[in-house]
2 protein chains.
Amino acid sequence: MPVDDDRPDLAAMVVPLGRSLVAAEEPVLRDHSLTMWGYIALCGLDEAPLRTQAALAQAIGADKTRLIGVLDDLQERGFIRREPDPADRRAHLLSVTAKGRRVREAARAGIRRREEELLARLSPGDRRAFLRALRTLSQP
Amino acid sequence: MPVDDDRPDLAAMVVPLGRSLVAAEEPVLRDHSLTMWGYIALCGLDEAPLRTQAALAQAIGADKTRLIGVLDDLQERGFIRREPDPADRRAHLLSVTAKGRRVREAARAGIRRREEELLARLSPGDRRAFLRALRTLSQP
DNA sequence: TATTGTTATACTCTATAACTATA
DNA sequence: TATAGTTATAGAGTATAACAATA
């Protein structure tokens, strides 16, 4: 039962928090010459290679047309490979290079450091519960 | 110390959550013929009347030029009053009308019901901690 | 005919600059 | 001259439509 009714709407708290988190990431990404979408794409290629660009676009919540320039840039700089699928030459197999993995992890580490400063404002218990709740609520 | 390092970046969880919260609000607001910015403005006029439109814009994180059409609409529909300040006739004193308060509370109630569905996925303890943490982190 | 990637175009939202009226 | 509000314009980011290559 809601005991906590005297508070702003969730969106009124979550959206500004998201904005400030994005703002905190931006200088870190700039230090590694990554755009936000470039970093998100690298994170989306975290594990196994993806079979199509459209699959990546959907996975990271981007438009497939918007992704193209992002991938062009990542490829030019040697962060990803875009190989035509021998089985279906329309599709492009996407994978991260070692160099791409390095820059992604370096950026991620910097971002984590910034996040620590924020999370330090929470008690250890609230911090754990907050992260647990976030993971629950952010997946559809 | 971070025990929770195997997780997406905070922004990668918070921003999508914010988007889904906004998406959940939209049908409720439409039911009350409110735009998101209209609702946000009504919420910003929660308590005491504000002395200027620029003050409201800053309070809700909006551009003052963007607020004008929003306030025009709210005033036309009798949700707010915009009275020239007798002490400084450049400024407009802003306040909510009873009608505006009613529509805001009705919308708020609908939004809270939607939020309940989401928060129900959390344990009571995590829910309390999540809201406490959100309030801490969303204020600068 | 349908789908992948691509390009070109249009649209939405937001910010910047310029104007008026008061001070 | 400086400020509150307003208007008009320009910009960034995003989505839609149309196209070439392949299936």
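Quick caveat: nothing in here was measured; it's all calculated off a predicted structure.
Salt-bridge check for A/Asp73 with A/Arg77: passed, with a basic side-chain N closer than 4.0 Å to an acidic carboxylate O. Using a 4.0 Å cut-off between charged side-chain N and carboxylate O, B/Arg108 and B/Glu115 make no salt bridge.
Atom pair B/Leu71:CG and D/dA4:P shows a separation of 15 Å (rounding to whole Å applied). Distance B/Arg51 CZ to C/dA23 C1': 12 Å, rounded to the nearest Å. Atom CD of B/Glu26 is separated from atom C1' of C/dT12 by 13 Å (rounded to the nearest Å). Rounded to whole Å, the distance from CG on A/Leu67 to C1' on C/dT7 is 15 Å. A/Glu83 places its CD atom 19 Å from the P atom of C/dT4, with the value rounded to the nearest Å. Regarding B/Asp63, its CG atom lies at a distance of 15 Å from the C1' atom of C/dT12, rounded to whole Å. Atom CG of A/Leu94 and atom P of C/dT4 are 13 Å apart (whole Å). Distance, A/Asp73 CG to C/dT6 P: 14 Å, rounded to whole Å.
For the pair A/Arg82 and C/dT6, the criterion of a side-chain N or O lying under 4.0 Å from OP1 or OP2 is met. Between D/dT3 and B/Arg90, no contact under 4.0 Å exists linking OP1 or OP2 to a side-chain N or O. For D/dT14, the OP1/OP2 oxygens have a side-chain nitrogen or oxygen of A/Trp37 closer than 4.0 Å.
Two residues are said to be in side-chain contact when any heavy atoms from C-beta on lie closer than 4.5 Å; B/Leu93 and B/Leu50 fail this criterion. No side-chain heavy atom of A/Phe79 sits less than 4.5 Å from a side-chain heavy atom of A/Arg101.
When distances are taken from the side chain of B/Gln53 to each of C/dT6, D/dT6, D/dA23, the shortest belongs to D/dT6. Here the side chain of B/Thr65 is nearest to one of D/dT22, D/dT7, C/dT6, namely D/dT7.
Each of A/Gly61 and A/Pro86 has a nearest nucleotide on DNA chain D; the 5'-most of these lies closest to A/Gly61.
Taking hydrophobic clusters as Ile, Leu, Val, Met, Phe, Trp and Tyr residues chained together by side-chain heavy-atom distances below 4.5 Å, B/Ile60 does not share a cluster with A/Met13.
Residue B/Arg66 places no side-chain atom within donor-acceptor reach of the base of C/dT14, judged by atom type and a 3.5 Å distance cut-off alone.
In this structure, B/Asp88 reaches the sugar-phosphate backbone alone: every heavy-atom distance under 4.0 Å involves primed, P, OP1 or OP2 atoms, never a base.
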